2 protein chains.
Amino acid sequence: MARPRKFDIDQALSQAMHLFWERGYEGVSLTDLSSAMNINKPSLYAAFGDKEQLFRRAVELYDTSTGLPAEHALAEAATAREAIERVLRLNAADYTADGRPAGCMIVLAATLGQVENERVRSFLARCRANGEEALRRRIERGKAAGELGADVDAAALAKFYTTVLQGMSIQARDGAGRETLDEVVDAAMAAWPGKASQP
Amino acid sequence: MARPRKFDIDQALSQAMHLFWERGYEGVSLTDLSSAMNINKPSLYAAFGDKEQLFRRAVELYDTSTGLPAEHALAEAATAREAIERVLRLNAADYTADGRPAGCMIVLAATLGQVENERVRSFLARCRANGEEALRRRIERGKAAGELGADVDAAALAKFYTTVLQGMSIQARDGAGRETLDEVVDAAMAAWPGKASQP
DNA sequence: TCCATTTTGTACCGATCTGTACAAAATTAA
DNA sequence: TTAATTTTGTACAGATCGGTACAAAATGGA
């Protein structure tokens with residue numbers, strides 16, 4: 001019915017995701033988006049709403065596409081230790097992959113900024129909290145399976161590995177390659193609570 | 001000589017530092033600075049140059065004031081392990097102190113952003129590299145003192161603890177308190193290379 | 001063919017951005 | 001008092017920001 005749109009909406013969203021991922025929410029203007037997506041602004045608004053709505057949809061796309069392998073790794077690894085390590089290594093590779101922006105979009109795309117964009121920042125903060133919570137649940141599962149002593153604080157351990165992941169995003173932006181981040185993961189895994197994995 | 005300025009230049013710079021620290025380089029406008037510092041824009045330009053120059057001076061002020069205790073800790077701790085741990089604990093406290101912005105200004109104030117501000121970002125990236133390098137040198141010193149085996153990679157270890165510190169800035173912005181960050185430090189120190197500290 | 005409907009492109013809106021021109025005001029030196 | 005010098009405040013410039021009004025263009029249905 002009526003005039004058809006000349007662009008593919010999923011492909012356009014993917015381009016928006018890449019732009020926001022590369023430069024962050026405030027680093028990308030509507031004019032940038034409009035020209036990169038080859039969609040003029042009124043069409044952009046008609047398809048996605050305002051800038052914030054477009055950003056949120058881009059983040060959701062990022063979260064599901066990039067986050068899916070990590071969820072699989074978390075769910076299917078035999079032990080909590082292996083699950084965490086696989087997530088770290090997966091992200092070490094993702095953060096440094098060729099042809100895409102370095103680091104994690106959810107960590108980097110809206111850290112500090114103008115007061116008026118607080119909603120966007122807290123949206124990403126919630127996404128980060130969800131990730132940390134997923135790690136915590138997996139560690140709890142390991143505790144329940146007897147892999148870890150009852151004295152191990154799953155929340156603290158999840159917080160630690162989340163912190164390492166978040167630091168890895170900064171490092172990736174600063175030019176660290178995959179091998180470098182893998183060495184960071186080596187060190188981080190050495191902190192896994194001690195020698196109770198073979199009881 | 002001539003009309004005296006009505007503001008104290010160090011105090012004004014300190015206010016600029018706090019603003020940039022709280023909201024980042026692109027999150028603060030000249031109008032924000034002008035009204036917060038109670039200096040009108042022409043005076044601001046006469047005293048500090050343009051926005052980028054003002055930011056760089058604010059970062060230098062941050063780096064020397066906040067970084068000084070950390071340098072002391074690095075230099076004076078008896079062992080590399082103690083030095084690194086003291087730096088981490090110091091920053092855990094700083095990042096969560098009342099009355100000041102959470103996290104590290106050098107990590108947070110210019111992550112992603114507009115293309116035109118790339119110079120500002122790479123300036124902060126160099127500051128981060130300097131911090132990492134300081135950790136590496138201290139670890140090398142520990143190796144030379146026989147605290148660590150010759151097989152320990154000082155650069156990799158410094159990279160790991162820098163990564164943790166950078167993640168801690170994100171966590172602090174996300175609301176983590178000092179006790180939480182101290183638990184992260186507990187975990188991070190558990191990764192210190194093994195049992196060679198008592199040879 | 002004509003109409004209803006939706007998208008497209010252009011051109012613009014008010015607000016805000018960094019940065020500055022310019023004259024009045026305030027000081028010291030003569 | 002007068003002149004030289006520097007700072008201050010106002011007011012504005014040019015560019016860009018997010019967002020939109022409006023008419024031409026392109027489709028399906030009657």
Side-chain angles (χ1 to χ4, degrees), chain A residues 1-13 15-17 19-20 22-59 109-110 112-121 123-124, chain B residues 1-13 15-17 19-20 22-59 109-110 112-121 123-124:
Chain A
M1 44 169 121
R3 179 171 180 169
R5 57 162 56 104
K6 69 162 193 178
F7 62 92
D8 179 72
I9 206 160
D10 290 325
Q11 182 181 334
L13 189 58
Q15 288 173 301
M17 178 190 79
L19 260 189
F20 281 130
E22 176 75 42
R23 303 188 208 159
Y25 181 72
E26 291 179 9
V28 178
S29 73
L30 286 176
T31 305
D32 292 333
L33 290 161
S34 173
S35 63
M37 300 160 86
N38 201 28
I39 305 169
N40 42 38
K41 284 189 276 183
S43 300
L44 228 169
Y45 273 83
F48 299 104
D50 67 8
K51 190 187 181 188
E52 178 174 342
Q53 289 178 279
L54 174 56
F55 178 75
R56 291 170 105 104
R57 288 195 54 179
V59 169
L112 312 191
Q114 298 159 219
V115 182
E116 60 198 281
N117 295 323
E118 178 58 38
R119 289 164 43 88
V120 171
R121 287 191 291 280
F123 169 66
L124 284 193
Chain B
M1 43 170 124
R3 180 172 179 168
R5 57 164 55 102
K6 70 161 194 178
F7 61 92
D8 178 73
I9 206 160
D10 290 325
Q11 181 181 334
L13 189 58
Q15 287 172 303
M17 177 189 80
L19 261 188
F20 280 129
E22 176 73 43
R23 302 186 207 159
Y25 181 72
E26 292 179 8
V28 178
S29 74
L30 286 176
T31 305
D32 292 334
L33 290 161
S34 173
S35 63
M37 301 160 85
N38 200 28
I39 304 172
N40 44 38
K41 285 189 272 183
S43 300
L44 227 169
Y45 272 82
F48 298 104
D50 68 7
K51 190 187 179 186
E52 178 175 342
Q53 290 178 279
L54 173 57
F55 178 75
R56 291 170 106 105
R57 290 195 53 178
V59 170
L112 312 190
Q114 298 160 219
V115 181
E116 60 196 280
N117 296 323
E118 178 58 38
R119 290 163 42 86
V120 171
R121 286 190 292 280
F123 169 67
L124 283 193

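Labels below follow one simple rule: chain letters A, B, ... track the order of the sequence lines, proteins then strands, and each chain is numbered from 1. In this text the structure is predicted, and so the values were computed from the model without any measurement.
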For residues 35-42 of chain B, run the donor-acceptor check on the side chains, cut-off 3.5 Å, and write out each pair with its distance to 0.1 Å, sequence neighbours left out.
residue: B:Ser35; atom: OG; partner: B:Thr31; partner atom: O; Å: 3.2
residue: B:Ser35; atom: OG; partner: B:Asp32; partner atom: O; Å: 3.2
residue: B:Asn40; atom: OD1; partner: B:Ser43; partner atom: OG; Å: 2.9

Could you write out each protein N or O paired with an N or O of nucleotides 19-21 of chain D at a distance under 3.5 Å?
residue: D:dG19; atom: OP2; partner: A:Tyr45; partner atom: OH; Å: 2.5
residue: D:dG19; atom: OP2; partner: A:Lys51; partner atom: N; Å: 3.1
residue: D:dG19; atom: O5'; partner: A:Tyr45; partner atom: OH; Å: 2.8
residue: D:dG19; atom: O6; partner: A:Lys41; partner atom: NZ; Å: 2.6

Review point. Should A:Lys6 be listed as having a side-chain N or O under 4.0 Å from OP1 or OP2 of D:dA25?
Key: no
Point to revise | By side-chain contact (heavy atoms from CB on, under 4.5 Å) - contacts of B:Glu118 (at least two apart) | key: B:Arg121, B:Ser122
Point to revise | Inter-residue atom distance A:Leu33.CG - A:Phe20.CZ, 0.5 Å rounding | key: 4.5 Å
Exercise for review: Could you tell me whether the side chain of B:Arg3 has a donor or acceptor atom within less than 3.5 Å of a complementary atom in the base of D:dT7?
Suggested key: yes
Review point. Which residues satisfy the side-chain contact (heavy atoms from CB on, under 4.5 Å) test with A:Phe123, sequence neighbours excluded?
Key: A:Arg56, A:Val59, A:Arg126, A:Cys127
**Study point:** Secondary-structure string, 5' to 3', Watson-Crick or G-U under 3.5 Å, | for another-strand partners, for DNA chain D
**Key:** ||||||||||||||||||||||||||||||
Check your understanding: Roughly how far, to the nearest 0.5 Å, is the CG atom of B:Leu44 from the CZ atom of B:Phe7?
Key -> 7.0 Å
Check your understanding: How close or far is atom C1' of D:dT8 from atom CG of B:Asn40, stated in whole angstroms?
Key -> 6 Å
Point to revise | Whole-Å gap separating P (D:dT6) and CZ (B:Phe7) | key: 15 Å
Check your understanding: Does the side chain of A:Ser43 get closer than 4.0 angstrom to OP1 or OP2 of C:dT8 through an N or O atom?
Key -> yes
**Study point:** Distance in angstrom units between B:Leu54 CG and C:dG19 P, rounded
**Key:** 10 Å
**Study point:** Set of residues satisfying side-chain hydrogen bond (donor to acceptor under 3.5 Å, both in side chains) with respect to A:Glu22, sequence neighbours excluded
**Key:** none
Revision key, fill the gap. OH of A:Tyr25 to NZ of A:Lys51, rounded to nearest 0.5 Å, is 5.0 Å
**Study point:** Reported CD1-to-CZ distance for the pair A:Ile9 and A:Phe48, which is rounded to 0.5 angstrom
**Key:** 4.5 Å
Practice item. Round to the nearest Å and state the distance from B:Glu26 atom CD to D:dC17 atom P. Key: 11 Å
Practice item. Round to a whole Å and report the spacing from CD1 of A:Ile9 to C1' of C:dT7. Key: 12 Å
Check your understanding: For the pair made of CG in A:Asn38 and P in C:dT7, what is the distance, rounded to whole Å?
Key -> 17 Å
**Study point:** Upstream residue (5' side of DNA chain D) when A:Thr31 and B:Ile39 are each assigned their closest nucleotide
**Key:** B:Ile39
Practice item. Measure the distance from CZ on A:Arg5 to C1' on C:dG9 and round it to the nearest whole Å. Key: 16 Å
Check your understanding: Between D:dC17 atom P and A:Leu33 atom CG, what is the distance in whole Å?
Key -> 11 Å
Review point. Is any side-chain nitrogen or oxygen of B:Ser29 closer than 4.0 Å to OP1 or OP2 of C:dT16?
Key: no
Exercise for review: Could you tell me the separation between the CD atom of A:Gln15 and the CG atom of A:Asp8, rounded to the nearest 0.5 Å?
Suggested key: 9.5 Å
